[in-house]
Amino acid sequence: SYLPTGLLAEEFRKLAQAAKEGDRSAMILIGRNIHALIAALVAKILQLANACKDKYLKDRLLRFVDPLRNYSTQLK
């Protein structure tokens, strides 16, 4: 039942700080961390969608996954 949203927020804060400082190597490392956290979030969303009996909610959850994956891939 755990979602890594708090960790994601912290990593995005770190990414913004690294970008502000122009620290490219930190930006790459943090981007990879965000990618891993989003992958965990996507896995949890898929698990929730598969257990969902409400077809509308299940559809909404599944539609949320692709944009997350695309965003995550750009950060990798």
Side-chain angles (χ1 to χ4, degrees):
S1 66
Y2 171 74
L3 296 176
T5 52
L7 292 173
L8 270 171
E10 178 62 20
E11 289 298 312
F12 275 112
R13 187 197 63 73
K14 290 178 186 176
L15 182 62
Q17 185 63 36
K20 184 177 177 183
E21 295 171 359
D23 188 347
R24 293 172 126 307
S25 61
M27 288 170 59
I28 291 169
L29 179 62
I30 295 164
R32 288 181 182 153
N33 290 345
I34 292 171
H35 174 75
L37 288 170
I38 289 176
L41 181 59
V42 164
K44 188 63 180 172
I45 291 170
L46 290 173
Q47 182 182 18
L48 290 170
N50 288 332
C52 188
K53 297 193 185 325
D54 182 317
K55 289 184 180 189
Y56 175 77
L57 182 56
K58 182 176 185 169
D59 180 64
R60 299 294 296 169
L61 287 168
L62 292 174
R63 287 177 187 263
F64 187 58
V65 168
D66 283 336
L68 273 177
R69 283 182 177 156
N70 292 339
Y71 190 70
S72 166
T73 298
Q74 291 174 18
L75 287 169
K76 186 165 68 164

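In this chain, residues are counted from 1 in sequence order.
Annotation: side chain of L61 is not in contact with side chain of L46 (no heavy-atom distance under 4.5 Å).
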Donor-acceptor contacts, no H, no angles, side chain residues 19-29, under 3.5 Å, sequence neighbours left out:
from	atom 1	to	atom 2	distance (Å)
E21	OE2	Q17	NE2	2.7
D23	OD1	S25	OG	3.1
D23	OD1	A26	N	3.2

Pairs of donor and acceptor atoms involving the side chains of residues 30-37, under 3.5 Å and at least two apart or interchain, shall be tabulated with distances.
from	atom 1	to	atom 2	distance (Å)
N33	ND2	E11	OE1	3.4
H35	ND1	S72	O	3.3
H35	ND1	S72	OG	2.4

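Taken from CZ in R69 to CG in L41, the straight-line distance is 11.0 Å, to the nearest 0.5 Å. With rounding to the nearest 0.5 Å, the separation of CD1 in I45 from CD1 in I38 is 9.5 Å.
With sequence neighbours excluded, the residues satisfying side chain to side chain donor-acceptor pair (under 3.5 Å) with R13 are E10.
Within the structure, side chain to side chain donor-acceptor pair (under 3.5 Å) pairs that include any residue of residues 49-59 comprise D59-R63 (at least two apart or interchain).
Dense packing is recorded around CZ of F12, with more than 12 heavy atoms of other residues, nucleotides or ligands lying under 6.0 Å away.
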